[in-house]
Amino acid sequence: EVQLVESGGGLVQAGGSLKLSCATSGYTFDDYAIAWFRQAPGKEREGVSCMSISLGTTYYADSVKGRFTISSDNAKNTVYLQMNSLKPEDTAVYYCAAVWALPAMSTMFRKEEWDYWGQGTQVTVSS
């Protein structure tokens with residue numbers, strides 16, 4: 001059974017940094033692609049970043065490009081999201097998600113493309 005557990009959220013001031021972790025289990029780590037999504041109150045869940053573990057390719061939404069970095073530690077079966085220069089509009093619950101094959105670029109940030117989800121971790125950025 002695929003399991004994803006996020007951690008690392010918290011309260012940070014604007015301009016600060018946080019590093020989220022997504023610990024995975026129940027499958028061969030590099031068989032799946034991993035994504036980070038976020039959902040702010042009253043808004044749709046939106047894709048932030050994703051990566052092909054096997055290829056090491058990474059992708060970012062325009063809203064976080066240059067500020068967020070996705071990475072993986074294959075020895076720990078864990079994916080990270082380093083978030084720098086945080087803004088109040090980054091405030092949301094952040095989720096990691098997994099799917100067997102990385103979706104096409106045109107659809108990779110649609111939540112419907114991802115099969116497995118963690119429980120989420122809250123990130124709050126104060127102004």
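The chain is numbered in sequence order, starting from 1.
Annotation: side chain of T124 is not in contact with side chain of V12 (no heavy-atom distance under 4.5 Å). L20 is not listed as a side-chain neighbour of E6, based on a closest heavy-atom distance of 4.5 Å or more. Under the 4.5 Å side-chain criterion, counting only non-hydrogen atoms from C-beta, D31 is in contact with W100. Inter-residue side-chain proximity for Y95 and W36 is flagged as unmet; no heavy-atom pair is nearer than 4.5 Å. Counting heavy atoms from C-beta on, the side chains of R38 and S63 come closer than 4.5 Å. Put simply, the side chain of V123 reaches to within 4.5 Å of the side chain of L18, judged on heavy atoms. Within the 4.5 Å cutoff, the side chain of I53 has heavy atoms near those of the V79 side chain.
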Report task. Under the salt bridge (charged side-chain N to carboxylate O under 4.0 Å, His left out) rule, what do K111 and E46 come out as? Steps first, then yes or no, please. Result -> CA-CA 7 Å; K111 61 183 184 296; E46 62 172 354; over 6 Å; no

Query - Y60 and F68: CA distance, side-chain angles, deciding distance, ring pair (Phe, Tyr, Trp, His ring centres under 6.0 Å) verdict - result: CA-CA 8 Å; Y60 299 93; F68 290 11; 8.3 Å; no

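Summarising the geometry, atom CG belonging to L81 is positioned 10.0 Å from atom NZ belonging to K19; distances are rounded to the nearest 0.5 Å. Note that the CG atom of N74 and the OG1 atom of T28 stand 11.5 Å from one another [nearest 0.5 Å]. Rounding to the nearest 0.5 Å places OH of Y32 at 12.0 Å from CG of D30.
Criterion: ILVMFWY side-chain heavy atoms under 4.5 Å apart, direct or through other members. Under it, I34 and V93 are not part of a common hydrophobic cluster. In this structure, V2 is a member of the same hydrophobic cluster as F29, with clusters built from ILVMFWY side-chain heavy atoms closer than 4.5 Å. At a threshold of 4.5 Å between side-chain heavy atoms, the hydrophobic network of Ile, Leu, Val, Met, Phe, Trp and Tyr places L4 and Y80 in two separate groups. Note on Y59: it does not cluster hydrophobically with L55, by side-chain heavy-atom contacts below 4.5 Å among ILVMFWY residues. A chain of hydrophobic side-chain contacts below 4.5 Å, direct or via other Ile, Leu, Val, Met, Phe, Trp or Tyr residues, connects M51 to M83.
No more than 12 heavy atoms of other residues, nucleotides or ligands sit less than 6.0 Å from atom CD of Q13.
R67 is linked by a salt bridge (Lys or Arg N to Asp or Glu O under 4.0 Å) to D90, counting only residues two or more places apart in sequence or in another chain.
Considering all non-hydrogen atoms of both residues, C50 and L102 come closest at SG-CD1, 4.0 Å. Shortest non-hydrogen contact noted between P103 and W114 is CD-CZ2, 3.8 Å.
In this structure, F37 has its ring center at least 6.0 angstrom away from the ring center of Y94.
A donor and an acceptor atom, one from each side chain of S17 and N84, are located under 3.5 Å apart.
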